[in-house]
2 protein chains.
Amino acid sequence: MISIMIDLFNRLNSETFVQRTVSKGQLVFHQGDATRYLVYVLSGALVLLRHKSDGEEVIVHTARSGETLAEAALFTDHYHCDCKAAEETELVLLPLAVIRNAMREDQVFAQDFIAHLCHQIISLRTRLELVAITSAKERVFAGLTEGLHTGTIRELAAQVHLTPEATNRSLAQLVKDGRLRKLGRGRYRV
Amino acid sequence: MISIMIDLFNRLNSETFVQRTVSKGQLVFHQGDATRYLVYVLSGALVLLRHKSDGEEVIVHTARSGETLAEAALFTDHYHCDCKAAEETELVLLPLAVIRNAMREDQVFAQDFIAHLCHQIISLRTRLELVAITSAKERVFAGLTEGLHTGTIRELAAQVHLTPEATNRSLAQLVKDGRLRKLGRGRYRV
DNA sequence: GGTCAATCATGATCGAAATCATATTGTGTC
DNA sequence: GACACAATATGATTTCGATCATGATTGACC
């Protein structure tokens with residue numbers, strides 16, 4: 001999926017888009033900035049953040065490898081959120097003008113971009129149903145089945161919206177039930 | 001948003017697509033059926049269902065007014081889920097061949113369809129963050145702020161993935177806190 | 001006006017996850 | 001090899017939402 005998108009973007013005017021590495025905590029854009037880019041994540045994670053009236057940061061979305069974000073930027077003049085790297089992240093900045101032009105003039109691009117968006121919709125729906133599972137054990141199992149365990153237990157916990165403790169206990173219980181195999185400390189497999 | 005999509009679909013070969021009303025419980029398509037249509041919801045609600053190995057039904061997604069569903073059908077030969085009306089629903093069946101042709105040959109359609117998909121992504125992300133709020137009271141408040149309270153308390157509860165009792169108690173507490181106004185039995189306002 | 005079903009609203013209880021705390025382990029650095 | 005640190009793993013307690021139950025209200029139907 002990622003390589004399809006790379007091929008897709010490579011067929012655009014590749015002089016104008018920028019591949020970058022941003023370190024953890026670094027901002028990609030600020031809320032209120034004029035919209036210039038769609039952002040595509042190669043590896044790592046970006047979070048979209050809003051600030052509450054009391055200054056607290058609220059994560060509106062986490063984008064991971066293979067996802068675009070700030071799609072709203074295609075239709076608005078200013079970004080509605082901050083965008084920050086949750087960990088060291090490799091990304092591609094895609095100028096909106098190039099994207100819009102390609103949507104108009106490159107039918108293959110438009111179709112493949114539609115395919116990409118449809119996959120994101122499907123993925124988000126799957127995630128929504130997962131997060132709605134009330135049982136921590138079943139939610140963690142669904143998370144592993146869905147291939148969400150790629151990094152640390154803390155990262156898995158963040159993805160399934162549980163505390164690390166609840167995630168750990170669920171993993172331990174699933175191993176005990178014979179539904180998961182423990183490969184080592186912090187590493188589990190369906 | 002809905003009327004934009006109606007205009008959009010009306011510019012297609014409207015002879016070929018079908019507007020229908022389905023009653024609650026009626027199936028629109030079965031898992032395994034050959035994919036023929038994209039489904040657009042005018043009013044009511046459709047659920048996508050999978051069957052677990054023990055025969056239990058799992059709701060994979062609920063589509064409401066203004067949403068398309070079965071986007072995966074654009075890319076697969078067979079539907080992966082059953083689709084059933086959760087209540088009396090008015091919908092439009094859009095032949096995939098027409099959609100695919102329009103994507104290729106009608107650039108305005110392709111762009112507007114991209115806009116529609118982007119809005120669904122944004123909406124799903126918002127909903128995902130809402131469902132992940134652990135406090136029932138805050139989740140219900142976010143739900144009302146987001147305009148999810150359009151029907152019964154039961155329907156609101158289903159949208160925010162809480163039980164009707166928890167939703168009711170949260171609403172009562174929010175009124176007591178002065179954060180919501182109660183307009184009548186089962187009717188609340190920010 | 002009476003009946004009925006569905007929804008709203010509330011009460012009591014229980015279990016699970018969050019929270020707070022602590023011990024252990026693995027990795028990176030010196 | 002020693003040390004520091006972060007993550008994993010586990011323990012104890014608290015909180016809150018799910019569950020089960022019941023009464024009240026409302027709208028549709030006859």
Side-chain angles (χ1 to χ4, degrees), chain A residues 23-25 44-45 56 58-59 85-88 128-144 148-177 179-189, chain B residues 23-25 44-45 56 58-59 85-88 128-144 148-177 179-189:
Chain A
S23 50
K24 178 173 174 170
E56 189 187 344
V58 178
I59 294 180
E87 57 193 70
E88 181 170 286
L128 186 59
E129 295 306 319
L130 184 149
V131 167
I133 296 170
T134 50
S135 158
K137 191 166 84 168
E138 294 309 323
R139 195 188 302 181
V140 166
F141 186 73
L144 261 75
L148 298 186
H149 181 34
T150 54
T152 66
I153 299 297
R154 292 185 85 86
E155 287 165 356
L156 173 62
Q159 298 241 54
V160 300
H161 291 276
L162 288 167
T163 61
E165 295 93 327
T167 302
N168 238 298
R169 297 186 219 281
S170 298
L171 288 164
Q173 186 59 51
L174 288 162
V175 170
K176 191 174 177 180
D177 291 348
R179 293 169 71 188
L180 285 190
R181 284 198 290 113
K182 183 171 183 175
L183 308 181
R185 195 176 111 112
R187 297 196 296 114
Y188 297 81
R189 174 82 148 279
Chain B
S23 49
K24 180 171 170 169
E56 186 187 346
V58 179
I59 294 180
E87 58 194 69
E88 181 169 286
L128 185 61
E129 295 305 319
L130 184 148
V131 167
I133 296 169
T134 51
S135 157
K137 191 167 82 166
E138 295 308 323
R139 193 188 303 183
V140 168
F141 186 73
L144 262 76
L148 299 186
H149 182 33
T150 54
T152 66
I153 298 297
R154 288 185 89 82
E155 286 166 353
L156 172 62
Q159 298 240 51
V160 300
H161 290 274
L162 288 167
T163 63
E165 294 93 329
T167 303
N168 239 299
R169 297 188 218 281
S170 299
L171 288 163
Q173 185 61 51
L174 289 162
V175 170
K176 191 174 178 181
D177 292 348
R179 293 169 70 189
L180 285 190
R181 287 196 293 112
K182 182 170 183 175
L183 307 183
R185 194 174 112 107
R187 299 198 291 111
Y188 296 82
R189 177 80 151 275

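All values derive from a computational prediction rather than experimental measurement. Below, all heavy atoms of this structure are taken into account, side chains as well, without hydrogens, waters or symmetry copies. Every chain is numbered from 1, with letters handed out A, B, ... down the list of sequences.
- Between the side chain of B/R139 and the backbone N or O of B/I133, at least one donor-acceptor pair lies under 3.5 Å.
- Scanning all heavy atoms of the two residues, the minimum distance from B/L148 to B/Q159 falls at O-NE2, 3.8 Å.
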Just distance, no hydrogens or angles: give the donor-acceptor pairs under 3.5 Å from side chains in residues 161-173 of chain B, sequence neighbours left out.
{"from": "B/T163", "atom 1": "OG1", "to": "B/A166", "atom 2": "N", "distance (Å)": "3.1"}
{"from": "B/T167", "atom 1": "OG1", "to": "B/T163", "atom 2": "O", "distance (Å)": "2.9"}
{"from": "B/S170", "atom 1": "OG", "to": "B/A166", "atom 2": "O", "distance (Å)": "2.7"}
{"from": "B/Q173", "atom 1": "NE2", "to": "B/D177", "atom 2": "OD1", "distance (Å)": "3.0"}

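- Using a 4.5 Å heavy-atom threshold, the side chains of B/Y188 and B/R181 count as separate.
- Counting only heavy atoms from C-beta outward, the side chains of A/L128 and B/V131 approach each other to under 4.5 Å.
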| query | Can you check side-chain contact (heavy atoms from CB on, under 4.5 Å) on B/I153 and B/H149, steps first, answer last? | reply | CA-CA 8 Å; B/I153 298 297; B/H149 182 33; 4.0 Å; yes
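- Running 5' to 3' along DNA chain C, contacts with non-hydrogen atoms of chain B at under 4.0 Å begin and end at C/dT7 to C/dA12.
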| query | For DNA chain D, what is the dot-bracket line, given that a base pair needs Watson-Crick (N1 to N3, plus N6-O4 or O6-N4) or G-U wobble (N1-O2 and O6-N3) geometry with both distances under 3.5 Å, and | means paired with another strand? | reply | ||||||||||||||||||||||||||||||
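- Between A/L144 and A/L156, some side-chain heavy-atom pair lies under the 4.5 Å cut-off.
- If you check residues 180-189 of chain A against DNA chain D, the residues with a heavy atom closer than 4.0 Å are A/K182, A/R185, A/G186, A/Y188, listed by number.
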| request: Check the pair A/R189, A/L180 against side-chain contact (heavy atoms from CB on, under 4.5 Å), reporting the backbone distance first and the verdict last. | output: CA-CA 6 Å; A/R189 174 82 148 279; A/L180 285 190; over 6 Å; no
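- Near DNA chain C, meaning a heavy atom under 4.0 Å away, the residues from residues 165-175 of chain A are A/E165, A/A166, A/R169.
- A donor-acceptor contact shorter than 3.5 Å links the side chain of B/E155 to the backbone of B/T152.
- Remark: P of D/dA18 and CZ of A/R139 are 11 Å apart, rounded to the nearest angstrom.
- If you check residues 148-157 of chain A against DNA chain C, you find no residue with a heavy atom closer than 4.0 Å.
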